[in-house]
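Everything below concerns the one structure shown next.
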Number of protein chains: 2
Amino acid sequence: MANEKKVQQNTILDIAEALKLSPATISRALNNHPHVKEKTKSDVLKMAAQLGYRRNNMASGLRSNKTYTVGLIVPRISMFFHAEVITTIQNGLHKYGYNLIICQSNDSVTMEKELTEILFSSRVDALIAACTLFTTDFSHFDKLLENGTPVYFYDRVPLHDLGATIIKGDDFRGGYMATSHLIETGCRKIAHISGPLTSNLYQNRSSGFIKAMEQHQIPVNEDWIFHQELTQNNAREAMRKLFEGDIVPDGIFTDNDSSAIAALEYAKEIGLNVPVDLKIVGYSNDPRTSIINPSITTVEQFPADFGKKIVEVLIDSLKNPNHEITKTAPIIIPIQLIRRMST
Amino acid sequence: MANEKKVQQNTILDIAEALKLSPATISRALNNHPHVKEKTKSDVLKMAAQLGYRRNNMASGLRSNKTYTVGLIVPRISMFFHAEVITTIQNGLHKYGYNLIICQSNDSVTMEKELTEILFSSRVDALIAACTLFTTDFSHFDKLLENGTPVYFYDRVPLHDLGATIIKGDDFRGGYMATSHLIETGCRKIAHISGPLTSNLYQNRSSGFIKAMEQHQIPVNEDWIFHQELTQNNAREAMRKLFEGDIVPDGIFTDNDSSAIAALEYAKEIGLNVPVDLKIVGYSNDPRTSIINPSITTVEQFPADFGKKIVEVLIDSLKNPNHEITKTAPIIIPIQLIRRMST
DNA sequence: TTGTAGGCGTTATCAA
DNA sequence: TTGATAACGCCTACAA
């Protein structure tokens with residue numbers, strides 16, 4: 001019992017021996033090759049089951065250069081949006097016989113690079129990535145692309161063309177709709193708590209914000225626009241600044257829901273009545289926004305649609321690996337404003 | 001550009017050729033073997049970088065029978081508890097050079113079995129699993145154990161010994177403390193919304209509930225104990241039953257936070273004042289419980305401690321693969337009651 | 001300190 | 001329809 005090393009597993013050679021067949025035939029039978037006699041195939045499957053045979057994916061992958069494995073890198077799996085996307089992707093790929101290796105970068109560029117290396121070393125058939133907020137250099141993905149491994153970026157995506165497929169939300173429209181909604185419900189003094197402009201997300205949501213303001217001829221107060229990491233603490237700090245002056249906002253658009261929640265809590269603490277004194281719109285439709293009181297108006301991103309679309313394009317190119325590398329324009333997933341009690 | 005198949009990658013042979021050395025030396029240099037001249041090692045590393053060499057994990061794993069990869073199966077990554085555990089495990093393993101393959105069973109036993117097969121086929125060095133609520137037959141893990149691959153169960157674990165390491169929360173104490181707390185804050189008519197008794201979690205939390213009730217000589221109303229899947233809908237249905245009679249509870253202990261939230265919302269809908277008319281205690285300290293109004297008293301499970309402990313025992317046995325398979329008693333992670341406004 | 005040679009388990013090619 | 005053989009890229013005795 002002690003000192004027991006890995007036990008030798010049964011291989012196709014064992015099946016071959018038991019059945020007086022060649023390993024090649026076993027391999028073919030196991031892989032549903034066309035030119036195998038039905039009887040042989042069923043014999044092989046039976047014997048495989050009996051011996052408890054399990055294919056060795058390393059040997060198979062090494063030889064065939066296909067791993068039926070897709071890598072995925074996300075900043076954090078705990079974010080509701082990503083958790084949903086991941087689930088959809090995993091279930092989708094599973095149907096086509098592909099496995100998914102899920103990795104977290106913890107929003108660290110270094111970690112993202114390391115994970116990319118590792119996934120390449122594992123020779124994944126494709127890579128899906130939602131980059132960190134701080135990824136501006138995407139060269140660590142080059143190795144995969146050079147090798148002909150398709151790369152799919154979603155959510156946080158490169159700002160310039162890399163030869164990879166891009167799936168993103170309609171952030172411009174999201175920012176525009178959120179802001180327009182605030183204006184339509186009566187706000188005239190609107191602040192925007194946004195993320196770092198290194199990310200496409202916040203660039204576009206900010207543009208949407210500006211567009212809506214300009215269209216309604218409402219002056220934009222530069223001091224009321226924050227570009228910072230979207231943590232609860234930063235949101236509170238922004239709120240403090242916003243409400244220490246004489247003129248205070250009557251509407252706030254935050255680029256994520258955590259910030260919206262923090263803003264709402266801060267507003268309640270200083271005695272504001274939301275939505276009467278202040279209206280708030282968040283982004284992402286995190287489950288918490290519907291539970292908090294008052295519930296928060298937010299922008300639904302339809303993570304399941306992201307997942308479905310990613311699987312669709314990924315499987316398409318994996319099944320037809322040698323069709324022209326279509327320089328696809330970015331795929332845009334529509335958003336939708338969810339109106340709640342905070343506006 | 002079109003029809004481009006996978007490009008041939010550089011291998012240790014290419015490095016060997018470029019440096020007029022043998023592949024064996026390259027391999028040793030890359031793996032930090034003791035008997036390689038420093039100069040040689042640095043030459044190799046330099047050339048490897050220059051050629052953009054990346055080790056092929058399949059080839060290396062096939063030969064060495066080590067993958068430096070650990071598999072993980074959880075019901076859902078979106079559950080706060082699991083997301084936290086996963087993050088801790090991934091970061092912990094990363095320090096030791098191990099990778100983590102994260103898989104979701106979606107609480108489906110079939111999927112759990114398939115994933116186990118796949119992870120075995122990939123010859124992971126170890127497997128970590130939080131089983132589905134419905135897993136009563138654990139034989140799909142046998143293959144790994146027979147093969148000498150260590151298996152670690154956490155949270156939802158087998159009820160009988162399998163030769164695997166078990167890490168679980170102190171569910172008995174959690175149930176006991178939650179119930180005692182309700183009693184100490186004045187409740188005498190206490191209901192329990194629990195999960196299926198096929199799971200160790202709900203067996204133990206229920207035992208804790210009963211123990212506390214008996215210790216305080218409070219009669220247990222069997223009609224007020226629900227064993228069902230812990231969905232929001234089921235919780236609402238239970239609430240409906242509880243509050244349709246003449247005698248209604250003044251305290252509710254639910255075995256997860258989603259049920260507690262659903263119970264709280266139902267209570268508010270029928271005009272009850274929580275905590276005055278009804279007190280509620282949940283389980284897990286989901287972030288939503290601190291945001292909802294009133295905030296919900298719940299049991300903290302310290303997911304990060306789960307993760308740390310798992311990494312600790314896992315690395316220990318992976319680094320010393322041939323030490324006696326210690327039939328470890330289950331490892332118990334302490335819990336803590338978080339008092340909030342709902343009690 | 002480095003080189004030689006064989007093999008990990010599977011699949012692809014060619015031949016039968 | 002099946003078999004023989006080589007090769008995928010790497011690691012590890014053993015020899016030098």
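In what follows, every chain begins at residue 1, and chains take the letters A, B, ... in the order their sequences are listed.
- By the 4.5 Å heavy-atom criterion applied to side chains, A:M58 and B:R123 are counted as neighbours.
- Nucleotide D:dA13 holds its P atom 13 Å from the CG atom of B:N31, rounded to whole Å.
- The shortest distance between the side-chain N/O atoms of B:S27 and the OP1/OP2 oxygens of D:dC11 is below 4.0 Å.
- Judged by distance alone, with hydrogens and angles left aside, B:R123 brings no side-chain donor or acceptor close enough to the base of C:dG9 to form a pair under 3.5 Å.
- Annotation: A:K41, atom NZ; neighbour count of heavy atoms from other residues, nucleotides and ligands within 6.0 Å is above 12.
- Of the listed nucleotides (D:dT1, C:dT4, D:dA4), D:dA4 has the atom at the smallest distance from the side chain of A:S22.
- Closest to the A:I12 side chain, of the nucleotides D:dC11, D:dG3, C:dT10, is C:dT10.
- Rounded to whole angstrom, the span from the CD atom of A:E17 across to the C1' atom of C:dG9 amounts to 15 Å.
- We find that CD1 of B:I26 is positioned 16 Å from C1' of D:dT12, with the value rounded to whole Å.
- Between B:I15 atom CD1 and D:dG9 atom C1' the separation is 12 Å, expressed in whole Å.
- Donor-acceptor pairing under 3.5 Å is recorded for the side chains of A:T132 and A:T135.
- Within the 4.0 angstrom heavy-atom criterion, only backbone atoms of the sugar-phosphate kind lie near B:L21; the bases stay farther away.
- Side chain to side chain, B:T149 and B:N147 meet the donor-acceptor criterion of an N or O pair below 3.5 Å.
- Atom CG of B:L19 and atom C1' of C:dG3 are 15 Å apart (whole Å).
- Nearer the 5' end of DNA chain C, as judged by each residue's closest nucleotide, is the contact made by B:H35, out of B:H35 and B:S64.
- Contact check of residues 55-63 of chain B against DNA chain D (heavy atom, cut-off under 4.0 Å) returns B:R55, B:N56, B:A59, B:S60, B:R63.
- Counted by atom type alone, A:R55 and A:N31 present one or more donor-acceptor pairs between their side chains at under 3.5 Å.
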Original post:
Could you go step by step and tell me if B:F120 and B:H140 meet the ring pair (Phe, Tyr, Trp, His ring centres under 6.0 Å) rule?
Top reply: CA-CA 10 Å; B:F120 180 78; B:H140 45 297; over 10 Å; no
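- An OP1 or OP2 oxygen of C:dT2 is reached within less than 4.0 angstrom by a side-chain nitrogen or oxygen of B:T40.
- The aromatic rings of A:Y98 and A:Y68 sit tilted, their planes meeting at an angle between 30° and 60°.
- Axis angle between the ends of the helix from C:dT1-D:dA16 to C:dA16-D:dT1, five pairs each and rounded to 10 degrees, works out to 30°.
- A salt bridge is defined here as a Lys NZ or Arg NE, NH1 or NH2 lying under 4.0 Å from an Asp or Glu carboxylate O, and A:D43 with A:K20 fails to meet this definition.
- Using the six-membered ring where Trp is involved, B:F138 and B:F153 have ring planes that are perpendicular, over 60° apart on the 30 and 60° scheme.
- Atom CG of A:L51 is separated from atom P of C:dG9 by 15 Å (rounded to the nearest Å).
- In the displayed structure, B:K143 atom NZ is contacted under 6.0 Å by more than 12 heavy atoms of other residues, nucleotides or ligands.
- If you measure from atom CG of B:N32 to atom C1' of D:dC11, you get 15 Å, rounded to the nearest angstrom.
- If you measure from atom CZ of B:R28 to atom P of D:dA13, you get 11 Å, rounded to the nearest angstrom.
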